[in-house]
**Q** 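Let me begin by handing over the structure; questions about it come next.
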Amino acid sequence: MLIHAVLGFSVLETLVLAALLLAWADRVAGARLLATFLTGISLWMVGNELPNWIGPEAEPVAMRLLATAPFTSALFFHFCTVFCRVDLGRWGVAAAYALGGGATVVSIILVPGHLIHHRDIGWLAVADPVGMVASMAWVILGIGGVWVLLHALLRARRLGDGQKLRQIAAVTASCLWGLLCLAGYGIAVLDLPIYPFPLLGLPFYSLILVYGILRYGVFVANAWARRALVWALLLALGLVVVALTPLLPLESRWLGGLAVAASVLALNGPVRRVAERLVYPGADVSAADLAAWRRTLGSAETPLALGEQAAALLSARTGTQVEVHIGDAPPAASSTPQLVCGRAGEGWAVSLQGWDAAPPGPRHVAELFGTVVAEAAERVEQAQHFAARERERQLQARLAELGALAATVAHDIRNPLNIISMAVAAAPGDTRREVAEQVARIAHLTHDLLDFAKPWKLAPSTIDLAAQVRNAALRLPDVSFGPGLDHPLWLQADPRRVDQALTNLFENARMATAPGSDANASAAARTHSHVHIDAETTATTVLLHVCDAGPGVPAEIRDRLFEPFASRSPGGTGLGLAIVARTMAAHGGTVALTERAPWSTCFTLSFPRHPPHEPSLQ
């Protein structure tokens with residue numbers, strides 16, 4: 001019978017789709033749950049068809065297979081929560097499994113129904129009171145899963161998440177299709193005088209469910225769908241030609257077969273184009289499309305933002321998830337189709353990776369889209385270069401103004417300082433010491449201001465950073481060294497400027513760990529030396545860590561810590577760390593505030609293990 005052939009094919013198809021989901025489980029949220037659910041659906045279909053395949057003696061086994069329906073519904077409910085990212089908590093999911101699993105166990109023990117014979121279906125399972133109660137359990141779980149889908153559908157629509165919206169809509173549509181197909185069993189159970197034709201659509205249930213999810217997440221799924229649609233259309237056209245053959249003036253079967261083959265070959269090209277348009281809508285690119293892409297990508301200001309916008313546009317156009325990478329570094333291997341835009345000579349070039357399964361239409365769209373991305377990447381690069389030059393110009397202008405001001409202040413302040421120092425010569429000792437400290441502080445500020453503002457050049461040579469660190473740290477009263485400084489660390493650097501940067505960092509750490517300044521430090525940090533220095537190396541970098549157990553860096557100055565006049569110490573000038581940052585930039589390196597337990601504060605200097613590209617800094 002036709003229905004039994006269709007249901008048998010549906011069982012095989014559902015198991016194949018479940019295996020396919022397991023193979024691509026890393027690309028779809030909840031794919032393993034969905035594969036298990038599809039396996040449960042196949043068991044339920046086997047339970048319905050087993051008496052027709054073997055005979056009524058298979059009733060005990062068939063009834064117990066049908067009894068698994070509530071647990072299968074619990075799997076469906078769990079899948080919906082994972083797929084839609086709805087957090088019901090551990091107890092919500094546990095309650096669903098308790099309901100589905102409990103109903104399944106009761107049904108297996110008490111037997112949920114019995115067999116009757118139907119004129120169109122053959123042997124058909126009808127629920128007893130136990131089966132009715134179990135049916136209520138899977139109906140409740142099914143309604144709960146659909147409610148989760150509808151709730152997530154509205155949320156995705158509100159947030160404008162087009163891809164997730166289409167995926168959830170596909171799952172919801174498959175549920176509605178499944179209910180429509182199950183109406184065929186309702187027709188048979190109620191013994192209505194019509195053929196239970198809805199059952200003939202059951203193979204499409206799992207197909208819509210799986211393809212609706214993979215359609216927007218796995219590019220190869222679209223290629224398979226296109227091939228399947230082409231063969232289905234060609235087969236249908238062949239059947240039509242076969243049906244029309246008796247109307248042709250052909251008496252030979254060979255000539256009739258030749259006519260069928262010629263018709264299918266002639267229609268092969270148009271059929272493939274139709275299938276491509278159905279599976280990959282929007283393969284034609286108009287001038288308006290190009291203008292819209294340029295307009296949208298024109299708002300990107302960084303390569304990262306450009307890549308994100310381009311990926312969203314191309315994914316929406318091709319109907320599948322696409323990654324877009326902007327930059328010279330090749331992306332990591334990925335099973336997702338990629339559009340890679342990188343420097344090529346004096347311009348930008350685009351290459352497609354992972355598009356082998358794509359037909360000509362989508363590839364053509366991606367190639368045209370790539371030209372727009374390359375134009376946008378060129379514009380972003382130029383804008384960033386212009387912004388960098390403008391920042392450098394403004395910095396140099398500020399430094400020139402600061403240098404002129406510092407020179408004037410230094411000249412005008414030395415004489416008053418000398419007069420103040422001489423004026424207190426006869427004062428008590430405590431007064432002289434206090435004045436001397438303040439005069440020294442002002443002199444230190446003046447010196448730092450002059451040093452920061454004036455142009456200076458590097459004089460790089462080969463130095464041992466480990467030895468220079470140990471010499472500079474002799475002025476620290478309480479310091480420990482890590483194992484990274486036990487061997488030489490050779491660099492190309494200006495020893496005087498490096499020593500100045502180290503001195504500023506060490507002085508900053510000493511002031512932060514002065515008596516009474518570490519009240520807020522962690523207990524773990526206070527058990528160590530006040531200042532700890534260590535180093536580590538990579539293939540291209542030497543990292544120097546200067547850590548202390550002081551009170552830490554206040555949150556309000558973290559973002560501007562390396563700018564002039566930002567200080568974490570009450571007696572600091574606010575220029576020490578700015579000079580460190582300028583020194584490291586001149587050497588092609590960086591300085592950063594990092595986290596290294598148990599220390600409250602840690603500054604990390606990153607030196608390149610090659611000569612600096614710029615031998616001078618103006």
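These figures come from a predicted structure and were not determined experimentally.
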**Q** Determine, stepwise, if the pair Val373 / Trp348 fulfils side-chain contact (heavy atoms from CB on, under 4.5 Å).
**A** CA-CA 9 Å; Val373 173; Trp348 289 78; over 6 Å; no

**Q** Nearest 0.5 Å, what's the CG-NE2 distance between Leu199 and His4?
**A**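 Output value for this atom pair is 10.0 Å.
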
**Q** For Tyr97, does the OH atom have more than 12 heavy-atom neighbours from other residues, nucleotides or ligands under 6.0 Å away?
**A**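 Atom OH in Tyr97 is packed in, count exceeds 12.
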
**Q** Is any side-chain heavy atom of Val126 closer than 4.5 Å to a side-chain heavy atom of Leu115?
**A**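 They are not in contact (no side-chain heavy atoms under 4.5 Å apart), so the answer is no.
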
**Q** Of the non-hydrogen atoms in Ile208 and Ser174, which two are nearest, and what is the gap between them?
**A**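 Minimum heavy-atom contact is CG2-CB, 3.8 Å.
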
**Q** Any chance you could measure Leu209, atom CG, to Tyr205, atom OH, to the nearest 0.5 Å?
**A**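 OH of Tyr205 is found 5.5 Å from CG of Leu209.
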
**Q** Where does the angle between the aromatic ring planes of His117 and Trp123 fall among parallel (under 30°), tilted (30 to 60°) and perpendicular (over 60°)?
**A**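 The rings of His117 and Trp123 stand perpendicular, inter-plane angle above 60°.
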
**Q** Could you give the distance from CD (Gln338) to CG (Leu314), rounded to the nearest 0.5 Å?
**A**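 With rounding to 0.5 Å, CD (Gln338) is 12.0 Å from CG (Leu314).
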
**Q** Looking at Val322, is its backbone amide N or carbonyl O close enough to the side chain of Ser315 to form a donor-acceptor pair, meaning the two atoms are under 3.5 Å apart?
**A**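 It does hold such a pair.
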
**Q** Below 30° counts as parallel, above 60° as perpendicular, anything between as tilted: where do the rings of Phe83 and Phe79 land?
**A**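 Geometry flag for Phe79 against Phe83: parallel rings.
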
**Q** For the CD atom on Glu301, are there more than 12 heavy atoms of other groups (residues, nucleotides or ligands in this structure) within a distance under 6.0 Å?
**A**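 Open.
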
**Q** What distance do Trp44 atom CH2 and Leu65 atom CG have between them, rounded to the nearest 0.5 Å?
**A**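 One gets 12.0 Å once the value is rounded to the nearest 0.5 Å.
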
**Q** Quick one, Ser206 with Thr14, criterion side chain to side chain donor-acceptor pair (under 3.5 Å). Give me CA distance, side-chain angles, the key distance, then yes/no.
**A** CA-CA 6 Å; Ser206 13; Thr14 303; 3.1 Å; yes

**Q** Any chance CZ of Arg85 has more than 12 other-residue heavy atoms, nucleotides or ligands included, within less than 6.0 Å?
**A**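 Not more than 12 within 6.0 Å, no.
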
**Q** Minimum heavy-atom separation for Val350 and Ala374, please, with both atom names.
**A**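 Heavy atoms only, the tightest pair is CG2-CB, 4.1 Å.
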
**Q** By salt bridge (Lys or Arg N to Asp or Glu O under 4.0 Å), which residues pair with Glu59, not counting sequence neighbours?
**A**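 So Glu59 forms no salt bridge (Lys or Arg N to Asp or Glu O under 4.0 Å) with any residue.
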
**Q** Indicate the atoms forming the closest heavy-atom contact of Leu290 with Leu368, along with that distance.
**A**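 Of all heavy-atom pairs spanning Leu290 and Leu368, the closest is CD2-O, 4.4 Å.
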
**Q** Take a 6.0 Å sphere around CZ of Phe76 and say whether it holds more than 12 heavy atoms from other residues, nucleotides or ligands.
**A**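 Yes, CZ of Phe76 has more than 12 neighbouring heavy atoms, counting only those of other groups under 6.0 Å.
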
**Q** Any side-chain to backbone donor/acceptor pair from Ser10 onto Leu7? Under 3.5 Å, distance only.
**A**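 Here the side-chain-to-backbone pair does not exist.
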
**Q** Going by heavy atoms in the side chains, are Arg32 and Leu22 under 4.5 Å from each other?
**A**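 Touching, per the 4.5 Å side-chain cut-off.
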
**Q** Are the side chains of Cys80 and Val86 in contact, using a 4.5 Å heavy-atom criterion?
**A**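 A side-chain contact under 4.5 Å is absent here.
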
**Q** Which is it for Ile121 and Asn48 under the side-chain contact (heavy atoms from CB on, under 4.5 Å) test, yes or no, and what are the steps along the way?
**A** CA-CA 10 Å; Ile121 296 182; Asn48 276 293; over 6 Å; no

**Q** Does the side chain of Cys181 come within less than 4.5 Å of Trp177's, by heavy atoms?
**A**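 Touching, per the 4.5 Å side-chain cut-off.
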
**Q** Going through the checks in order, is the side-chain contact (heavy atoms from CB on, under 4.5 Å) test met by Leu297 and Leu306?
**A** CA-CA 6 Å; Leu297 297 180; Leu306 176 61; 3.9 Å; yes

**Q** Measure the spacing between CD of Gln309 and CG of Leu304 and express it to the nearest 0.5 Å.
**A**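 Separation between the atoms: 10.0 Å.
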
**Q** Is it the case that over 12 heavy atoms from other parts of the model lie below 6.0 angstrom from the CD atom of Glu595?
**A**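 Not buried by this count: 12 neighbours or fewer within 6.0 Å.
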
**Q** Closest heavy-atom contact between Pro112 and Met63?
**A**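 The answer is CG-O, 3.6 Å.
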
**Q** Can you tell me which residue pairs pass the ring-ring contact (aromatic ring centres under 6.0 Å, His included) test with a partner in residues 286-318, sequence neighbours excluded?
**A**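 Checked against ring-ring contact (aromatic ring centres under 6.0 Å, His included) - neighbours excluded - the pairs reaching residues 286-318 are Trp293-Phe369.
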
**Q** With a 4.5 Å heavy-atom cut-off, do Asn52 and Glu49 have their side chains touching?
**A**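 A side-chain contact exists here, since the closest heavy-atom pair is under 4.5 Å.
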
**Q** Given 3.5 Å as the limit, does a donor-acceptor pair link the side chain of Thr104 with the main chain of Phe71, or not?
**A**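 Pair found, side chain donor or acceptor close to backbone of Phe71.
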
**Q** Could you state the interatomic distance from OG1 (Thr594) to CG (Leu543), rounded to the nearest 0.5 Å?
**A**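 Reported value, rounded in 0.5 Å steps: 9.0 Å.
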
**Q** When you measure from the side chain of Ser42 to the backbone N and O of Leu38, does any donor-acceptor pair fall under 3.5 Å?
**A**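 Looks like yes, one N/O pair under 3.5 Å.
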
**Q** Keeping Thr39 on the side-chain end and Ala35 on the backbone end, is there a donor-acceptor pair under 3.5 Å?
**A**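 It does hold such a pair.
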
**Q** Please assess Arg119 against Asp191 for the test side-chain contact (heavy atoms from CB on, under 4.5 Å), listing each intermediate value before the final yes or no.
**A** CA-CA 9 Å; Arg119 60 182 178 277; Asp191 199 21; 2.7 Å; yes

**Q** Quick one, Leu34 and Phe37 - any side-chain contact, counting heavy atoms below 4.5 Å?
**A**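 A side-chain contact exists here, since the closest heavy-atom pair is under 4.5 Å.
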
**Q** Which atom pair, heavy atoms only, marks the closest approach of Ala74 to Leu141?
**A**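 In this case the closest contact between Ala74 and Leu141 is N-CD1, 3.6 Å.
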
**Q** With the side chain counted from C-beta on, respond yes when Val111 and Val130 share a heavy-atom pair under 4.5 Å apart, and no when they do not.
**A**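 Side-chain contact under 4.5 Å: no.
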
**Q** Below 4.5 Å, heavy atoms only, C-beta onward: do Thr81 and His78 meet side chain to side chain?
**A**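 SC-SC contact between Thr81 and His78 confirmed.
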
**Q** Can you name the nearest heavy-atom pair linking Ala377 to Cys341, along with the distance?
**A**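 Result for this residue pair: CB-SG, 3.9 Å.
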
